[in-house]
J.: 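Dropping a structure here in structure tokens format, bear with me for questions.
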Amino acid sequence: MSRNKTTETSNENRPPVTYLVALNDKLQMNADKVEKNIIDAQHNLNKDIKRINEEKQPLYRDYINKTILNSLDLLNSLNRDAAEASRLKHPHSEMIEMDVKQLRERVMKLREEYDRIYKASPTGKIHMKLDESEWELQRPSEVATDADIKYSVSSSEGQHECSETGLRWSSESDVTLEYRFVDWKSLSKSILKKYKPCGPLMDITVTSGRLEEVQLPHCVCVDSSSNDVVKALHVKDGNVSLETCELSGFHAKLVNPTFSFLAIVVEVQQYLKMKFHCETLVYRNTTSPLNFHVYLILKDKKLKKEVEEKEQNNMEILKPTPDEALTLNDKYTLETSCVSKIKPESLKLTPGKSNFFDLHLKDEKKSFELSIKTKDGLKVWDVNIEPGEFDKNSVSEWRQKKRNRSELIWQWWRRLLETARSPFETSLRSPSNELMRLRLDQAFQSSFSALTAHQSADTDTAQTQKRCKRGEGAEFVEKHRTELIRKVSLVEPIADDMKPVIGDEKYQIVITSGTKQDKMRKLLEFLTTPKMKDKLYQSLVKHEQYVVDFLENFGETVLNPNES
């Protein structure tokens, strides 16, 4: 007993391999639960939307609320485990944090939609046509140009939504789109004198196929009069035209669309009378933890991306958005429950601008309250910031140092290989487990040899090519099929690599197959020859080096320590 305690103490900061495997599996399991909750809640939400539009009572309100609350609890657990993975210098820390962040954003969006749908007007009726369609989320490929990012996506028949821009489209056959955000400054001042933006300006091109409808994102708080004053603006070769559109909560529908520079706008006379959906974004300085940037912006994907780019070296603190829609050009103030300095004293909510409050705390180790108020003193946003969210130690070292990923993986593996024996020391002392000890020793020795032989990218590439020539890549895929389904996270970029091999139709089936495990399982089903499996192995080495290294160097050896 005493020897075990000594071992645990001496290695408390150096976890065994099995601990990291368990942590990784726990993260995946909880992320899958949240994903399932989101799909389930959205499905039931769509059923209730249909009932509300038919003037029937909704059935799933309480069930959806419980699902959202359960998802938030799971996200809290995911945040803790992601922080632990970061502390242990897991080579996928950045990807894990990004996945958890995206899941939280989706749950928060779901909660906003829940509040919007079930929050009836004083008369008990909803004065807008709710969007009852199910939209399949598509992640586009991105190409950076000098001025902006161009997105492109191919989709099959059905209804789809871009995860990066909020653009929606519907077609009865396969289509390929290219689109990008356009700066409003590129339009002439005479256009902006007559119309004010209610969402991003987009340039959309259909490169193949035909769209039945397109839905542009907007941030207007829709009421019974909105359809009369909100229009779709077309700008092509300097010519301006307006088109009537059908509004739902956050989108405006155009049927049989023609394309040019497109955006949703409102006439200037109505502009100041309307209210708009907004977002609050909170960022904490990673080098000065008592410094915050608090943004108040319109609910606009382009604006949000600009903020994320600007704050890429800081840590976002995810909080709910304002409950109420706000009026443009009004002044808003930020207040705290602790001693602080805030500049500027007030901000205007302005389309196309990402204004923020610069907040400096004096010396705060307790939770504090943040709130935004109107010029009349009405509180429109109110959240608590907990100590762990602004503690300097909560930012992992790897984010501050920005070390090279390959160096990080190398150090992480060395740390594992040096310490992985510790949990088995007691059991390996018995003669009956001598075979297990020898197997572990062989695994460690081969792992050290493999790692020292693969420190350069050139050597990695050469070794991969040799393995594939010998057919070992295909053998690896066949041998570790189950573990690949469980552990591979970056399925989409791997599917992109495999698209020329499996074809467009099977590629679309993979991309639209639900969870990451479903996508990976479906992809593996389509790989029927050793050559195709070798191609997958090359892609795995490129995108999931950590998973490949783990399975090649350890395999099943350390996953079952009780085996004799």
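These figures come from a predicted structure and were not determined experimentally.
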J.: Please determine if Lys379 and Glu369 form a salt bridge, counting it only when a charged side-chain N lies under 4.0 Å from a carboxylate O.
T.: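 Yes.
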
J.: Before accepting this row, confirm whether a basic side-chain N of the pair Asp203/Arg180 lies closer than 4.0 Å to the acidic partner's carboxylate O.
T.: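 Salt bridge between Asp203 and Arg180, a charged N being under 4.0 Å from a carboxylate O: yes.
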
J.: Using 0.5 Å steps for rounding, measure from the CG atom of Leu378 to the OH atom of Tyr332.
T.: 9.0 Å

J.: Is Lys305 salt-bridged to Glu164, going by a charged N under 4.0 Å from an acidic O?
T.: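 Answer for the salt bridge query: yes.
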
J.: Look at the rings of Trp169 and Tyr179 and say which category their plane angle falls in: under 30° parallel, 30 to 60° tilted, over 60° perpendicular.
T.: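 Because their plane-to-plane angle lies in the 30° to 60° range, the rings of Trp169 and Tyr179 count as tilted.
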
J.: For the pair Tyr63 and Asp48, evaluate side-chain hydrogen bond (donor to acceptor under 3.5 Å, both in side chains) and give the outcome as yes or no after the intermediate values.
T.: CA-CA 11 Å; Tyr63 178 77; Asp48 267 0; over 6 Å; no

J.: Measure the NE2-CG distance between His160 and Leu167 for me, rounded to the nearest 0.5 Å.
T.: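 If we round to the nearest 0.5 Å, His160:NE2 and Leu167:CG are 12.0 Å apart.
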
J.: Counting C-beta onward and ignoring hydrogens, is there a side-chain heavy-atom pair between Arg61 and Tyr114 closer than 4.5 Å?
T.: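 The answer is yes; the side chains approach within 4.5 Å.
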
J.: Please say whether more than 12 non-hydrogen atoms of neighbouring residues, nucleotides or ligands are located less than 6.0 Å from CD in Gln102.
T.: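 Yes, CD of Gln102 has more than 12 neighbouring heavy atoms, counting only those of other groups under 6.0 Å.
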
J.: If we ignore hydrogens and angles and just use 3.5 Å, is the side chain of Lys301 paired with the main-chain N or O of Ser163 as donor and acceptor?
T.: yes

J.: Only one of Lys516, Arg106, Lys519 clears salt bridge (Lys or Arg N to Asp or Glu O under 4.0 Å) with Glu35; which?
T.: Arg106

J.: Would you call the rings of Tyr295 and Tyr283 parallel, tilted or perpendicular, taking 30° and 60° as the class edges?
T.: perpendicular

J.: Looking only at non-hydrogen atoms, find the nearest pair between Val235 and Ser260 and report the distance.
T.: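 For Val235 and Ser260, the tightest heavy-atom pair comes out as O-CB, 3.4 Å.
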
